[in-house]
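Before any comments, here is the structure.
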Amino acid sequence: MKKLTALCAAIAAAAAIAAAPAYAKYPDHAITLICPWGAGGGSDAQVRFIAGLMEKDLGQPVKVVNKTGGGGAVGWSAIARSKPDGYTMGQLTAELAMDHWITPAVTVSYKDFDPLCLMNEDPATVTISANAPYKTYDEFVSYLKANPGKVRGGATSVGGIWHVAMGMWLKAIGLPVTAITYIPTSGSAEAYKEMAAGGIDSCFTSVPESSTMYKSGKAIGLAVMSDKRDPKFPDIPTMKELGHDIQVGTWRGLGLPKGVPADRRDVLVKAIKKAMDDPAYKKFMEDRGFGIKVLEGKDFEAYMAKSDAELGATLKDLGLAK
Amino acid sequence: MRFHDFLLGLLIMAASAAIYFTALGFPDQNDGKPGAWLFPCALSILFGICGLCLAVKGLMHFKEQKLISLIPGLTLPGALRIAATVALVVFYILASDSLGFLITMCIVIFLMMVMMRNKLWVSVVAAPISTVAIYLIFAKLLLVPLPEGLLSF
Amino acid sequence: MFTPDLFMQGLQLVFDPFVLLVVICSGLYGLFIGAMPGLTATMAVALLVPITFYMEPVPAIASIITMSAMAIFAGDLPGTLLHIPGTPSSAAYCDDSYAISKKGNASLVLGIDLMLSAMGGLFGSLVLMCAAPALAEVALQFSSYEFFWLAVLGLSCAVLISGRSVLKGLISLLIGLLLTCVGADITLGFPRFTFGSMELLEGFSFIPAMIGMFGLAEVFKNVSAKQTEDAEMITYSTRILKGVGGVIRKFKFQLLRSQIIGTLVGVLPGAGGDIAAWICYGVGKRFSKHPEEYGKGSVEAIANCTTANNAAISGAFIPALVFGIPGDSLTAIIIGVLFMKGLEPGPSLFAQHGDFLYAIYVVFLLANILLIPLGYIVIRCATKVLRVPPAILNPVILGFCMVGAYAINNGAFDIASMLGFGVAAYFMIAHGIPVAPAVLGLVLGHMLENTFMQSMVKSEWDPFSFFSRPIAASLGVITIFLWFMPLIVKGIKRMRGKAAPAA
């Protein structure tokens with residue numbers, strides 16, 4: 001019996017020794033980064049780029065896995081359910097603060113994650129077709145007031161981020177959400193196709209999505225829903241300058257399932273921040289027109305909570321939240 | 001199992017009715033205009049009409065078919081093999097996450113090869129080779145993240 | 001429009017050893033991806049993007065263009081040999097290709113696929129070179145009304161592809177359309193028929209459905225066949241190009257028509273090679289001398305569609321390059337890559353970067369010419385697959401079907417949906433209900449409903465708005481004319497028949 005106990009102890013000790021270095025050296029194998037959006041889109045491009053840079057710092061591969069479906073909810077559920085050992089992280093985007101308000105089947109929300117880092121924010125714009133009878137911001141607003149429901153707007157599906165941005169903007173300037181007739185489209189590309197063909201008069205997409213339309217002269221940007229002007233289009237005023245302090249837009253960041261040990265989280269945050277300081281990353285974001293906004297840990301959580309509450313309230317105004 | 005056109009028509013009518021009444025519960029647009037229900041309702045009505053036509057046509061040529069017959073050319077062993085194939089796919093769906101791609105796929109391909117009356121040694125050799133080939137193509141070359149489970153390389 | 005100076009500069013940019021190496025490698029990669037069921041050209045391009053980031057703009061764009069042209073051709077290979085379309089663009093004529101293969105003439109089909117894909121691609125490239133700005137202006141006039149008619153026109157093909165019984169064809173089409181109603185609806189985001197499942201919120205993915213209805217149903221048929229017959233063994237000869245010249249000469253005007261239709265459909269943002277192939281199938285059958293062969297192995301059908309879907313690829317670049325408006329997800333990625341290279345698509349690309357623009361044209365021509373030798377090698381390798389006995393081949397095909405369906409969303413749900421579609425297709429075939437119209441319904445269902453609802457919301461439910469714009473009105477009239485043409489033709493025949501005895 002004694003021998004057996006001793007043997008057990010020896011095995012346990014051996015196991016402890018074997019296990020200890022593994023704990024000391026996190027990460028010791030590949031990390032999975034779940035992207036809830038399809039390969040080829042803007043969200044996917046961002047995580048793939050940051051994953052490539054994080055690999056260099058962590059010394060282990062960071063594998064991007066696109067788990068798509070359910071407007072992002074399938075991917076987020078997979079992240080939230082994964083083992084909290086620091087080997088699975090995922091991308092959190094603005095839709096996380098919206099889906100659960102609209103669809104009863106979606107229960108996942110920002111509360112199911114430990115935030116790592118906010119990386120990007122692209123504010124909404126007020127954009128009109130170049131063929132419209134109004135040309136300036138003031139003309140557009142007074143036209144809306146005089147002709148309720150005549151202007152047709154679009155940008156995403158119903159309840160998408162730019163639809164919500166439109167709702168917030170209309171509320172801020174004191175108009176009902178029905179002042180613009182919303183034409184649902186599958187995304188900004190379809191919306192601009194409609195605008196070019198004369199089917200839609202106004203759009204509320206982000207600057208990077210609108211920039212080719214601005215440059216080809218088919219659309220005019222009237223305002224950015226942010227507190228800072230966009231460096232690529234410094235002539236477009238912010239909503240703050242126009243007297244309404246509304247800030248809304250899409251955002252992207254990284255998060256972990258709840259319960260990952262703090263020391264591992266710190267390793268990841270450090271790697272992400274180092275990657276974001278890389279000039280190649282800054283150039284990538286600038287070339288694609290993505291806005292850089294960095295918030296860590298608790299600040300990112302507060303940011304998500306604020307976004308969740310604001311977007312939820314507007315979805316209720318639009319008659320979409322359950 | 002193959003149904004007589006008359007029965008098939010009735011089945012289609014029943015299905016279209018079920019779709020129609022489910023879709024009636026879908027909401028209008030916020031301004032009261034037709035919304036989510038419009039297309040499923042319209043399509044299910046058309047579907048029902050097609051079912052009715054099929055049933056009537058079936059009645060007109062009632063004696064040409066049996067009410068319920070076997071699928072032409074399908075034998076009992078054949079039907080069992082189809083059922084087994086379905087079962088293997090279901091097994092893969094349930095087991096691949098925990099066992100991983102390599103083990104689960106190897107089992108599925110092996111069992112199916114045995115079912116298709118390959119010699120046992122052929123199956124034993126061919127199943128792992130083809131599994132590894134699929135793995136290399138999809139997971140390594142095309143970067144599809146196949147479930148790793150217990151075994152990976 | 002055409003500037004020889006810039007063309008020479010473009011040639012110099014492309015004929016650089018590194019660029020040529022990139023073109024050949026990405027060509028082989030594209031052929032491989034296209035031949036794998038479930039892997040789309042879009043996915044392949046997305047995986048290439050991180051690599052292209054470290055390249056110069058010309059090789060980066062060249063690799064993407066070459067890959068997509070090759071992938072659309074390669075989608076025909078598994079369609080012809082195994083009855084599983086490799087990409088959605090090959091779905092329209094998969095039945096015909098496979099039927100001819102089973103008759104022992106797979107080599108003819110593959111030869112036609114290869115030569116006519118290259119010809120279609122070259123035709124589209126020439127149109128891109130000569131008429132891009134003008135065509136882009138027209139394409140941008142297409143709003144939801146015009147796209148609605150395009151969808152209706154496409155759906156009308158269902159009657160033409162339904163085989164013996166038009167009624168059963170319609171039933172199949174409605175099954176396909178009803179399945180596209182699953183998921184969040186466009187006007188409210190209301191989850192329809194999802195039964196509380198997250199995976200169904202965006203509806204069924206098309207590719208697992210396609211793999212199930214063609215590939216898995218075929219596996220079911222093969223495993224249930226009596227072991228002795230081995231009826232599914234396909235024979236082939238190695239002389240791939242024999243007889244192809246004759247086919248091209250015989251159908252030259254039809255092929256030109258399909259190439260024009262293919263390019264034009266491709267130019268429209270949001271409609272690509274898959275819709276182009278379906279429309280050419282329908283149009284080809286309507287005006288064919290042998291419409292009865294369609295669906296049972298018509299060489300004419302294959303030739304028309306395979307050339308159209310390749311022509312559509314070049315077409316899709318037109319609105320992307322001229323206005324920066326992506327025609328499909330593939331061109332959306334390309335616009336993203338152009339942005340990263342500081343080359344913004346749009347008028348400035350034409351005004352300031354003419355040499356680069358011509359380099360793109362040259363790559364298009366080069367890719368389609370290279371398709372012939374590379375494709376030839378791949379066909380020679382692919383036909384080796386057929387030497388594998390069915391008892392070993394079918395389990396492996398099952399494996400490919402499962403992995404292909406999985407790769408769309410990287411989730412097991414799509415394998416389950418592929419299984420469901422496969423079982424459903426098996427029973428449909430057993431009841432004499434053709435599968436192709438259901439696949440067509442799945443392709444066009446969302447476009448039909450979305451454009452209809454968009455148009456109605458825009459016009460405040462005025463049904464005449466569908467005829468209120470010139471292009472929409474003409475498309476509408478054409479569609480209605482095509483519907484009633486058989487009646488008109490019958491009427492004229494009857495009147496002549498009555499008139500004759502009286503005279």
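Below, chains carry the letters A, B, ... as their sequence lines are ordered, and counting in each starts from 1.
- C:Leu216 contributes atom CG, which lies 9.5 Å from atom CD1 of B:Ile82 (distance to the nearest 0.5 angstrom).
- Of the two parts of B:Ile19, the backbone and the side chain both hold a non-hydrogen atom closer than 4.5 Å to a non-hydrogen atom of chain C.
- Taking chain B as the reference chain and counting heavy-atom pairs below 4.5 Å, the highest number among C:Met456, C:Met453, C:Glu460, C:Glu449 is found for C:Glu449.
- Other residues, nucleotides and ligands contribute over 12 non-hydrogen atoms within 6.0 Å of the CH2 atom of C:Trp461.
- In this structure, the portions of B:Met113 lying under 4.5 Å from any heavy atom of chain C include both its backbone and its side chain.
- Rounding to the nearest 0.5 angstrom, the gap separating the CD1 atom in B:Ile134 from the CE atom in C:Met402 is 8.0 Å.
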**Request:** Take C:Ile415 and B:Val89 through the test side chain to side chain contact (heavy atoms under 4.5 Å, CB included) and record every step on the way to the result.
**Result:** CA-CA 8 Å; C:Ile415 307 179; B:Val89 178; 4.0 Å; yes
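- Here the side chains of C:Phe452 and B:Leu38 are in contact, with some heavy-atom distance below 4.5 Å.
- In terms of heavy-atom proximity, C:Asn410 sits nearest to B:Pro145 at OD1-CD, 3.4 Å.
- Looking at C:Leu177 and B:Phe47, their side chains never come closer than 4.5 Å, going by heavy atoms from C-beta outward.
- Note: B:Thr22 OG1 to C:Phe195 CZ = 7.0 Å, rounded to the nearest 0.5 Å.
- For the pair B:Met116 and C:Pro390, the tightest heavy-atom approach, listed with the atom from each and the gap, is CE-O, 4.2 Å.
- Among C:Val388, C:Ile392, C:Leu393, C:Val396, the single residue meeting the side-chain contact (heavy atoms from CB on, under 4.5 Å) criterion with B:Ser130 is C:Val396.
- In B:Phe91, the CZ atom is crowded: over 12 heavy atoms of neighbouring residues, nucleotides or ligands sit closer than 6.0 Å.
- With contacts defined as side-chain heavy-atom distances shorter than 4.5 Å, the pair C:Lys168/B:Asp5 qualifies.
- Using a 4.5 Å cut-off between heavy atoms, B:Pro147 contacts chain C through both its backbone and its side chain.
- Counting heavy atoms from C-beta on, the side chains of B:Lys33 and C:Thr187 never come closer than 4.5 Å.
- The candidate with the highest count of non-hydrogen atom pairs below 4.5 Å against chain B, out of C:Gly432, C:Ala407, C:Gly445, C:Ala430, is C:Ala430.
- Taking the side chain as every heavy atom from C-beta outward, C:Leu167 and B:Cys50 approach each other to under 4.5 Å.
- The candidate from B:Val122, B:Val108, B:Leu46, B:Leu143 with the greatest count of non-hydrogen atom pairs under 4.5 Å with chain C is B:Leu46.
- Only the side chain of C:Tyr29 has a heavy atom closer than 4.5 Å to any heavy atom of chain B.
- In this structure, the portions of B:Leu43 lying under 4.5 Å from any heavy atom of chain C include both its backbone and its side chain.
- Heavy atoms of B:Ile12 lying under 4.5 Å from chain C belong exclusively to its side chain.
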**Message:** side chain to side chain contact (heavy atoms under 4.5 Å, CB included), that's the test. Do B:Tyr92 and C:Leu398 meet it? Break it down for me.
**Reply:** CA-CA 11 Å; B:Tyr92 178 87; C:Leu398 181 77; over 6 Å; no
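- Looking at heavy atoms from C-beta onward, C:Val403 lies out of side-chain contact with B:Tyr135 at the 4.5 angstrom threshold.
- Ranked by heavy-atom pairs under 4.5 Å with chain B, the list C:Leu173, C:Ile433, C:Asn394 is led by C:Asn394.
- Comparing B:Pro34, B:Ala23, B:Gly25 by heavy-atom pairs within less than 4.5 Å of chain C, the highest count is held by B:Pro34.
- Around CG of B:Asp97, the count of heavy atoms belonging to other residues, nucleotides or ligands within 6.0 Å does not exceed 12.
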**Message:** Using side chain to side chain contact (heavy atoms under 4.5 Å, CB included), reason through C:Met36 and B:Leu141 one step at a time and then give a plain yes or no.
**Reply:** CA-CA 12 Å; C:Met36 293 289 146; B:Leu141 203 58; over 6 Å; no
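- Taking both residues in full, the closest heavy atoms of B:Asn118 and C:Ala391 are given as ND2-O, 2.9 Å, listed atom of the first, atom of the second, then distance.
- With a threshold of 4.5 angstrom between heavy atoms, B:Ile109 approaches chain C through its backbone and through its side chain.
- The parts of B:Phe26 that come within reach of chain C are both its backbone and its side chain, each placing non-hydrogen atoms under 4.5 angstrom from that chain.
- Within a 6.0 Å radius of CG in B:Leu70, other residues, nucleotides and ligands contribute 12 heavy atoms or fewer.
- Both the backbone and the side chain of C:Ile171 come within contact range of chain B, with heavy atoms under 4.5 Å apart.
- Of the atoms belonging to B:Ile71, it is side-chain heavy atoms, and not backbone ones, that fall under 4.5 Å from chain C.
- Here the side chains of C:Phe220 and B:Val86 are in contact, with some heavy-atom distance below 4.5 Å.
- The two residues B:Gly35 and C:Asp185 make their nearest non-hydrogen contact at C-OD2, 4.4 Å.
- Interface residue C:Phe400: backbone and side-chain heavy atoms are both found under 4.5 Å from chain B.
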**Prompt:** Hey, mind stepping through B:Ile137 and C:Phe32 against side chain to side chain contact (heavy atoms under 4.5 Å, CB included) and telling me if it holds?
**Reply:** CA-CA 10 Å; B:Ile137 292 171; C:Phe32 192 67; 3.5 Å; yes
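- Heavy-atom distances place the side chain of B:Phe101, and not its backbone, under 4.5 Å from chain C.
- Taken to the nearest 0.5 Å, the CZ atom of B:Phe39 stands 8.5 Å off from the CG atom of C:Asn450.
- With ring centers used as reference points, B:Phe138 lies 6.0 Å or more from C:Tyr406.
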